[in-house]
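The structure under discussion appears below in the form of structure tokens.
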Amino acid sequence: MTAIKGFLQLIITDGFDEKKKKEYALIAVSEIDRAERIIRDFLTYAKPVSNKKDKINLAEEIYKIVEIIEPLAHLNTVEIYFDSQPSCFMLGEKASIHQCLLNLFKNSIEAMENGGVLSICTYQDDSNLYVDIKDTGIGMSEVQLKRLGKPFFSTKGDKGTGLGMMTTFTLIKSMNGSIDVSSKLGAGTTFTLSFPLFEQGTGKELALMKQLI
Ligand code: ADP
Ligand code: MG
């Protein structure tokens, strides 16, 4: 904002070089674009997370977000593969799940500027539901991995805000989930999300059944 104000003040100064006016105005516009991105990501982060949790079929939600992100994948010649059992249930908030998946898929695709493969798969064990999000992109160094999720950490210069992962970590925690990452520079990155499995007959229902037996 300070930079934008500075450029605009110069432009409106009497006798300012006419040729430079356009150049400075263009710089101000690109700075406004950057501020817009930061404010948008920050508002998403600051949005209160509702406590309302619904039964969610995660596979269904992944399909929706894959559809939304497909044009971006196309631009970077990234192929998306998705493998899942048709139904896998968890408790959570749809809008939060969407936001997390969007941030993670977008980062993966952005890490594969010269093409690659984004593979998504879900699986489960007795207590948890897992999602692997694997890319064949540029990967991260140890130092970068340590900084992942810290506010404003970005390696994308003007194009990045460094707020996506911070938001993702917070939202996953709010749904009692966890996130793991393994990455190798030049080889790719895999994020693994884990959420408690939603099982029919847990909680109140199970207690009731026990009383009946
Ligand atoms: P932004 O995407 O705006 O830079 P994020 O918080 O979404 O901010 O990500 C922070 C940084 O983490 C990125 O700039 C990038 O360096 C790194 N990163 C995140 N996901 C990946 C990935 N899949 N592959 C490589 N680097 C990644
Ligand atoms: Mg991002």
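Note that the coordinates shown come from a computational prediction; the quantities given were computed from them, not determined experimentally. Values below: all heavy atoms of this structure, side chains included; hydrogens, waters and symmetry mates excluded. In listed order, ligands and their atoms are each counted from 1.
No donor-acceptor pair under 3.5 Å is formed between the side chain of Asn76 and the backbone N or O of Val78. In terms of modelled atom types and a separation under 3.5 Å, the side chain of Asp135 and the main chain of Thr189 share a donor-acceptor contact. At distances below 3.5 Å, at least one donor-acceptor pair connects side-chain atoms of Asn57 with backbone N or O atoms of Cys88. Judged by distance alone, with hydrogens and angles left aside, the side-chain atoms of Ser119 form no donor-acceptor pair with the main-chain N or O of Tyr81 at under 3.5 Å.
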Stepwise side chain to side chain donor-acceptor pair (under 3.5 Å) check, Tyr130 with Asp125: CA-CA 8 Å; Tyr130 304 91; Asp125 60 19; 2.8 Å; yes

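The closest protein non-hydrogen atom to atom 19 (C) of ligand 1 is Asn107 ND2, 3.6 Å. Distance from atom 23 (N) of ligand 1 to its nearest protein heavy atom, with residue and atom name: Asp135 OD2, 2.9 Å. Of the protein's heavy atoms, Leu148 CD1, 3.2 Å lies nearest to atom 12 (O) of ligand 1. When hydrogens are left out, the protein atom nearest atom 10 (C) of ligand 1 is Phe153 O, 3.1 Å; that is the closest non-hydrogen contact. Given atom 6 (O) of ligand 1, the protein heavy atom at minimum distance is Met165 N, 2.8 Å. Scanning all protein heavy atoms for the shortest distance to atom 3 (O) of ligand 1 gives Thr161 N, 2.7 Å. Protein heavy atom nearest atom 16 (O) of ligand 1, with residue, atom name and distance: Thr155 OG1, 2.4 Å.
More than 12 heavy atoms of other shown residues, nucleotides or ligands fall within 6.0 angstrom of atom CZ in Arg37. Heavy atoms from other residues, nucleotides or ligands lying under 6.0 Å from NZ of Lys134 number 12 at most.
Residue Met140 has no N or O atom closer than 3.5 Å to an N or O atom of ligand 1. Annotation: Met166 places no N or O atom under 3.5 Å from an N or O atom of ligand 1; distance criterion only.
Using cut-offs of 30° and 60° on the angle between ring planes, the pair Phe82 and Tyr63 is perpendicular.
In summary, the atoms of ligand 1 found under 4.0 Å from a heavy atom of Gly139, numbered by their order in the structure, are 25 (C). Interface of Ser108 with ligand 1, defined as ligand atoms under 4.0 Å from a residue heavy atom, comprises 23 (N). For ligand 1 and Lys156, the ligand atoms under 4.0 Å from any heavy atom of the residue are 1 (P), 2 (O), 4 (O), 13 (C), 14 (O).
Met165 lies apart from the Mg ion (ligand 2) in this respect, since none of its N, O or S atoms is found at a distance under 2.8 Å.
Within the structure, the closest approach of Asn103 to ligand 1 does not fall below 4.0 Å when heavy atoms are considered.
The CG atom of Leu58 sits 5.5 Å away from the CD1 atom of Ile97 when rounded to the nearest 0.5 Å. How far OG of Ser96 is from CD of Glu61: 11.5 Å, rounded to the nearest 0.5 Å.
In the candidate list Ser154, Gly137, Gly160, Gly162, Gly162 is nearest to atom 8 (O) of ligand 1, counting heavy atoms.
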